[in-house]
Novice: 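Okay, here's the structure, questions in a sec.
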Amino acid sequence: MSDENNNISSDENAQIAQRRAKLAALRAQGNPFPNHFRRDSLAAGLHEKYGALDNAALEGESVRVKVAGRMMAKRVMGKASFAQIQDMSGRIQLFVQRDAVSAECYEEGFKKWDIGDILGAEGTLFKTKTGELSVRVDGIGLLTKSLRPLPEKFHGLVDQEIRYRQRYLDLIMNEDTRKVFELRTRIINFMRSFLAEHNFLEVETPMMHVIPGGATARPFKTHHNALGMDMFLRIAPELYLKRLVVGGFERVFEINRSFRNEGLSTRHNPEFTMLEFYQAYADYNDLMDLTEVMLRKLMHDVLGTMSIACQGHQFDFSKPFARRTVQDAILHFNPHLRDADLESLAAARMAAAALHIPLKDSYGLGKVQLEIFEKTVEQHLQNPTFITAFPTEVSPLARCNTADPFVTDRFELFVGGREIANGFSELNDAEDQAERFRRQAKEKDAGDDEAMHYDADYIRALEYGMPPTAGEGIGIDRLVMLLTDSASIRDVLLFPHMRPET
RNA sequence: GGGCCGUUAGCUCAGCCGGUAGAGCAGCAGACUUUUAAUCUGUUGGUCGUGCGUUCGAUCCGCACACGGCCCA
């Protein structure tokens with residue numbers, strides 16, 4: 001180990017120096033980072049089990065406990081002190097008396113320890129005269145010396161930047177933050193077990209792709225040294241999951257990261273978590289039904305409510321989700337438009353121009369319709385709503401509708417004006433898929449760097465035959481934002497992407 | 001990418017018309033054996049985000065940059 005002078009950070013201050021001096025004194029007496037203490041209780045468990053008893057009953061049972069955690073409060077009153085330690089479950093108060101732990105331990109140990117230090121303590125449970133369940137400590141030790149002072153006890157840590165950059169500190173200080181991430185995990189666990197119960201097989205597919213596919217997005221590029229080749233971080237797992245359906249895994253899902261090389265915003269992080277699942281012998285209507293059942297059960301089981309408040313709006317999951325097509329939705333929210341305005345490219349372009357929606361010359365009717373939809377409809381889709389029949393032009397992996405091949409058998413689910421899920425009956429016609437890849441490749445050659453590559457192996461897989469299948473992707477981060485009332489994706493990512501500190 | 005706002009002690013925040021900075025908490029020293037934002041007495045702590053400019057003089061005014069927040073594309 002380096003000595004004290006070699007290893008100091010640039011933001012040292014007097015308080016840290018004082019703690020380093022205390023640590024140096026501890027080192028002189030022995031190992032200041034012992035790892036022998038074993039607790040037998042967590043704070044929340046004690047409150048749950050003994051919180052209802054009065055002091056007479058508690059003292060009568062003389063319950064011995066060993067607890068450990070970070071000291072978050074310390075109130076010294078001469079020869080007795082109160083402290084609060086925080087563990088993974090919550091907080092418990094310690095009552096530390098000099099005569100119960102020895103004068104040596106009290107004066108030279110406890111009184112010199114700092115808020116933020118990690119302690120182990122044992123003793124018996126009792127209730128103070130104000131009724132707080134506490135441990136009457138008869139043995140206590142320092143388990144880890146903390147060198148940095150914690151934020152102020154009352155206001156806590158408020159600075160957004162520090163909360164994101166030093167999430168560990170945010171988690172120490174803010175119970176709300178801990179709750180968000182615990183809920184995130186419960187949401188993901190729910191979906192995992194829901195799908196497993198419905199006979200879906202969880203799989204892991206490559207995150208490093210030679211041909212990035214499954215979405216229209218710019219990829220991150222990396223390089224494989226031994227193979228001497230560029231590779232891409234995946235923008236979606238879709239094409240690999242469908243290869244597995246070809247292979248006979250007729251229900252598969254994956255929950256993991258994808259990467260898109262785009263800007264950062266309150267809704268975009270370069271790496272984000274998607275759930276994708278695929279079900280053979282099902283179509284997009286089956287998946288809408290499944291999604292509705294899954295989200296309702298998620299609300300019920302995990303949140304315990306069918307109505308959620310997010311950013312000042314209330315969303316109701318108790319009623320059947322509305323379902324309407326892209327065209328119907330456009331007409332509904334633009335009463336001045338009529339069917340004819342969406343039926344030819346020229347008319348749709350005029351309608352878009354009247355709405356001040358910028359278009360590129362390359363856009364066909366489908367893309368123009370989608371632009372109008374995004375600019376005039378999405379924001380109004382507050383309660384859960386499935387939008388169906390997206391134009392084929394903007395759905396290169398989806399199966400065309402049999403009656404109207406201009407659109408695909410595809411849906412997106414919107415809540416609070418935001419897309420939560422995207423699913424469709426899969427295109428399993430290898431020749432049609434090859435033709436769509438060729439069109440995408442042409443657009444890529446023409447300069448659209450978000451257009452898809454031609455994936456010959458994927459076509460080969462389809463040529464063996466993929467059963468009729470429907471697939472869906474759910475943006476986990478955005479779903480968690482919705483369910484935790486979070487304004488920014490950074491609030492639901494433990495370590496959101498940040499520019500380097502200066 | 002554009003607009004607006006922010007950056008002052010470890011943390012949360014003040015700081016008037018430009019005259020080298022304050023509070024609370026935390027820390028340090030002391031008192032205190034049922035406190036809980038403990039209390040009481042005393043006290044340390046600052047390259048005011050970075051750089052340039054204007055000025056006799058800049059935390060304050062101007063410009064640029066960095067990071068963050070909000071809104072827009």
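Below, chain A is the first sequence line, B the second, and so on; all start at residue 1. Just so it is clear, the model here is predicted, and its values are computed rather than measured.
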Novice: Students often get this wrong, so: under 4.0 angstrom with heavy atoms, is A:Met498 touching a base, only sugar-phosphate, or nothing?
Specialist: sugar-phosphate
Novice: Rounded to whole angstrom, note down the P distance from B:C17 over to B:C61.
Specialist: 10 Å
Novice: Nearest-Å distance, CG (A:Asp159) to P (B:U12)?
Specialist: 5 Å
Novice: Assuming nearest nucleotide by heavy-atom distance, tell me which of A:Arg98 and A:Trp113 is located more 5' along RNA chain B.
Specialist: A:Trp113
Novice: With the side chain of A:Gln160 defined as its heavy atoms from C-beta on, choose the nearest nucleotide among B:G69, B:C25, B:U35.
Specialist: B:G69
Novice: At under 4.0 Å between heavy atoms, what does A:Gly156 touch on the DNA or RNA strands: base, sugar-phosphate, or nothing?
Specialist: sugar-phosphate
Novice: By the 4.0 Å heavy-atom rule, please label A:Arg490 as base, sugar-phosphate, or nothing.
Specialist: sugar-phosphate
Novice: Which nucleotide in the list B:C32, B:C28, B:A37 gets nearest to the side chain of A:Lys79?
Specialist: B:C32
Novice: Using the side-chain heavy atoms of A:Thr266, tell me which of these nucleotides is nearest: B:C70, B:G69, B:A38.
Specialist: B:C70
Novice: Give A:Arg163 one of three labels, base, sugar-phosphate or nothing, depending on what nucleic acid heavy atoms sit under 4.0 Å from its own.
Specialist: nothing
Novice: What about A:Gln93, does its side chain sit under 3.5 Å from the base of B:U35 through a donor-acceptor pair?
Specialist: yes
Novice: Write down the partner of B:G18 under the Watson-Crick or G-U wobble criteria, each distance required to be under 3.5 Å.
Specialist: none
Novice: When you get a sec, tell me which of B:U35, B:G10, B:G69 is the closest nucleotide to the side chain of A:Glu152?
Specialist: B:G10
Novice: Counting any heavy atom closer than 4.0 Å, what does A:Arg75 reach on the DNA or RNA strands: base, sugar-phosphate only, or nothing?
Specialist: base
Novice: Under 4.0 Å, heavy atoms only, any strand: does A:Lys22 hit a base, just the sugar-phosphate, or nothing?
Specialist: sugar-phosphate
Novice: Run the salt bridge (charged side-chain N to carboxylate O under 4.0 Å, His left out) check on A:Glu59 and A:Arg136 step by step: do they pass?
Specialist: CA-CA 10 Å; A:Glu59 301 264 27; A:Arg136 189 189 311 280; 2.8 Å; yes
Novice: For the P atoms, the ones on B:C40 and on B:U7, what distance do you get once it is rounded to whole angstrom?
Specialist: 31 Å
Novice: Please work out if A:Tyr106 contacts a base, only the sugar-phosphate, or nothing of the nucleic acid, heavy-atom cut-off 4.0 Å.
Specialist: nothing
Novice: Does the side chain of A:Gln86 pick up a donor-acceptor pair with the side chain of A:Arg70 at under 3.5 Å?
Specialist: no
Novice: Mind checking the P distance from B:G46 to B:A23? Whole angstroms is fine.
Specialist: 14 Å
Novice: Across the strands shown, which category fits A:Pro500 at heavy-atom distances under 4.0 angstrom: base, sugar-phosphate, nothing?
Specialist: sugar-phosphate
Novice: When you compare the side chains of A:Asn422 and A:Glu472, does any donor N or O come within less than 3.5 Å of an acceptor on the partner?
Specialist: no
